[in-house]
Protein chains: 2
Amino acid sequence: MSDMLKFPQDDTDFNVALSMSLVLFGFDGSQLQLLLTRSKREPFKDALFLPSRYLEAQDELALSARSMFHGLFGYDDPEIIEQLKAFGGVFRHPFGRVINIAFYALVRKEDFLAEKWEHHGMQWSPVDRVPDLAFDHNEIVKYARERLKRRVKRRPVGFQLLPDEFTLGQLQTLYEQALGKTFDKRNFRKKLFKSPLLHDLERKATGGETGQHKGSQLYAFERERYQRMKNEGYDFLF
Amino acid sequence: MSDMLKFPQDDTDFNVALSMSLVLFGFDGSQLQLLLTRSKREPFKDALFLPSRYLEAQDELALSARSMFHGLFGYDDPEIIEQLKAFGGVFRHPFGRVINIAFYALVRKEDFLAEKWEHHGMQWSPVDRVPDLAFDHNEIVKYARERLKRRVKRRPVGFQLLPDEFTLGQLQTLYEQALGKTFDKRNFRKKLFKSPLLHDLERKATGGETGQHKGSQLYAFERERYQRMKNEGYDFLF
DNA sequence: CCAAAAGTGTTACCCGTACACCCATGG
DNA sequence: CCATGGGTGTACGGGTAACACTTTTGG
C-alpha cells in the first residue's frame with residue numbers, strides 16, 4: 001500500500017528510455033501496405049522494423065510522432081496521427097528498460113518522400129505479408145490492424161488513404177482489404193451513397209491508367225463538407 | 001533523418017520516469033462511479049487523483065497494474081485490466097520527465113477493500129461529477145469514459161460491474177449511465193434476451209432491499225456459457 | 001391510497017443482404 | 001473476340017424504435 005504513494009526520490013529513479021514507432025498504412029489501389037525500414041545495427045541488424053526513434057526526455061510524445069512523420073512525408077497535421085498504446089517489456093536495451101509508444105496514421109503512398117528514404121532501406125510491404133520484424137513490432141502491427149478495422153467502420157478512411165480522385169472499385173477494394181472480407185458491389189455503393197461525402201466528378205478514368213478495361217467513374221471526397229458535418233455531430237458509419 | 005537511427009548511447013539517455021494510473025469504474029445500482037484517492041504531497045497536496053504508482057525500470061507494465069489492482073481488491077485476473085494509452089507531457093517532476101501509462105478496469109464496488117483503503121483518502125466519486133483532479137487525470141478519465149462506451153456496445157460489461165444477482169432495472173440504468181442516453185424498457189429487455197447470457201433466477205427481490213417498490217425478478221449472468229461461446233467466435237453486440 | 005418502478009406486445013419502417021445480367025473497352 | 005471489371009434494381013427478412021396500460025407494494 002505504501003507503493004501507492006511512492007514518488008521518484010532522486011534521479012536514479014529516472015532510468016527508463018522511451019522510443020516511438022509509427023505504423024503507417026498506405027494503399028496502392030489494390031493492396032493495403034505498411035511502411036517498414038531496415039535496421040542497420042545490432043541486435044537486429046538487417047531485420048525489418050517499423051520507423052522508430054528514441055526520444056529525449058523533453059520530447060512531447062505526439063510532437064515527436066508528428067515531427068518524424070513530417071520527415072517522411074514533408075507535411076503533417078495533428079489530426080492524422082493517433083497514439084495506439086505503450087508497448088513495454090519485450091525488448092530491453094543493455095543499458096536498461098525501453099518503453100515504446102506506438103502511433104498510427106493513414107497516408108497516401110504517393111506522398112511518401114521515396115527519393116529521400118528508399119536508400120535508407122525504407123519500403124512498403126503488403127500488410128498480409130508482413131515478415132518477421134525486429135523487437136515486438138509484429139505485435140504492434142497486429143494491434144494497429146485491429147484499430148484500423150474499427151476506424152474503417154466509424155470514419156471515412158478513404159479520405160486519408162486514397163488520392164484525390166478515385167474509383168468506387170478502388171474504394172471497395174480498400175474496405176475489403178482493411179476488414180478482411182468481400183462485399184457485394186451494389187450493396188457497397190448503396191451504403192456509401194447514403195452519406196453525402198462522395199462527389200461525382202463526372203469524368204471517367206480511361207481504363208488503361210487504372211489497370212481496368214472499361215473506364216470507370218471518378219469520385220472525390222467532400223472534405224470540407226465532412227468537416228462541417230462532423231462539427232454538427234454527424235457520425236459516419238460504414 | 002539521422003534521428004531515425006538514434007539509439008540510446010549511454011545511461012544518460014535513460015532519464016525518464018514511468019508512472020501508472022488505474023481508472024476503475026464501479027456501479028452502485030444507480031450511478032457509475034470512479035475510484036479516486038487524495039494526494040498527500042506537493043505539488044498537488046490534498047487534490048484528488050487516480051490511484052497511481054511510480055514504476056521501477058524493471059516493472060512490467062501490465063503486471064504492475066495487476067499488482068496494484070490486487071492491493072485494492074484482493075484478487076486479480078489478466079482479463080480484467082486493459083491498457084488505455086500513455087499520457088505524457090503534462091506533469092513534469094522536478095527531476096525530469098514522467099510518462100504515465102493508464103489502465104482501466106470494470107469492478108464490483110463491493111469488492112473494493114474499503115476498510116483497508118478508506119482512511120488513505122480513497123473514495124468513490126460519481127463519474128458525472130468528477131472534480132478537478134491532479135496532473136492530467138481529468139484527461140485520462142475522459143479518455144477512459146470513451147473507451148467504456150465502446151466496450152459497452154461490444155461486451156457484456158454487466159458481468160464485471162454488477163453483483164451476482166441483479167435486476168433488469170439495474171442493468172438498464174447501467175447501460176444508460178455508460179452510454180449517456182435512455183432506453184425504452186421493452187426494447188431494452190428484448191435486446192438483451194436475444195443473447196442467452198441472462199439466467200432467470202426465478203426469484204424476486206423484495207422491493208425494499210433495492211429501493212424499489214414492487215419486487216423485481218433477479219437475474220445472473222451465464223459466465224461460463226459466455227466464455228464457451230466467446231471461444232467459439234460469438235460476438236456480443238448491444 | 002398514491003407514488004414508484006415492474007412488467008408486458010404489436011406495429012411500422014429502415015436497413016442489410018442476397019442475387020444476375022448487360023456494357024464498355026483493352027489487349 | 002474475349003476477358004475483365006463497370007454498372008445497375010428488386011424483394012425479402014430481421015432488427016430497431018415507437019408506443020400505453022396494468023400490477024405490485026412500500027411508505
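Lettering follows sequence order; numbering is per chain, from 1.
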Are B:Arg108 and B:Asp164 ion-paired here, with the side-chain N under 4.0 Å from a carboxylate O? yes
Are A:Lys204 and C:dA24 close enough that a side-chain N or O sits under 4.0 Å from OP1 or OP2? no
Distance below 4.0 Å between A:Lys194 side-chain N/O and C:dG16 OP1 or OP2: yes
Rounded off to whole Å, could you give me the [atom1]-to-[atom2] distance for the [X] and [N] pair?
| X | N | atom1 | atom2 | result |
| --- | --- | --- | --- | --- |
| A:Phe188 | D:dG7 | CZ | P | 12 Å |
| A:Asn187 | C:dA20 | CG | C1' | 13 Å |
| A:Asp200 | D:dG6 | CG | P | 15 Å |
| B:Phe183 | D:dA18 | CZ | C1' | 15 Å |
| A:Leu237 | D:dT16 | CG | P | 14 Å |
| B:Leu192 | D:dG15 | CG | C1' | 14 Å |
| B:Gln217 | C:dA5 | CD | C1' | 15 Å |
| B:Phe193 | D:dG14 | CZ | P | 21 Å |

Would you say the rings of A:Tyr104 and A:Tyr143 are close, in the sense that their centroids are separated by under 6.0 Å? no
If you take the centroid of each ring, where Trp contributes its six-membered ring, are A:Phe159 and A:Phe236 closer together than 6.0 Å? no
Both A:Asp184 and B:Gln170 contact DNA chain C. Taking the nearest nucleotide for each, which residue is further toward the 5' end? B:Gln170
What I want to check is whether the side chains of A:Gln33 and A:Lys109 have a donor and an acceptor closer together than 3.5 Å. yes
On the 0 to 90° scale, with breaks at 30° and 60°, tag the B:His137-B:Phe135 ring pair as parallel, tilted or perpendicular. tilted
When B:Gly215 and A:Arg189 are each assigned the nearest nucleotide of DNA chain D, the 5'-most assignment goes to A:Arg189
Would you mind telling me which residue lines up with the more 5' stretch of DNA chain D, B:Arg186 or B:Lys191, judged by nearest nucleotide? B:Lys191
Using a heavy-atom cut-off of under 4.0 Å over every strand shown, decide if A:Lys190 touches base, sugar-phosphate, or nothing. base
Pick base, sugar-phosphate or nothing for B:Lys185, based on heavy-atom distances below 4.0 Å to the nucleic acid. base
Does a distance-only test, which skips hydrogens and angles, find a donor-acceptor pair under 3.5 Å between the side chain of A:Lys214 and the base of C:dA24? no
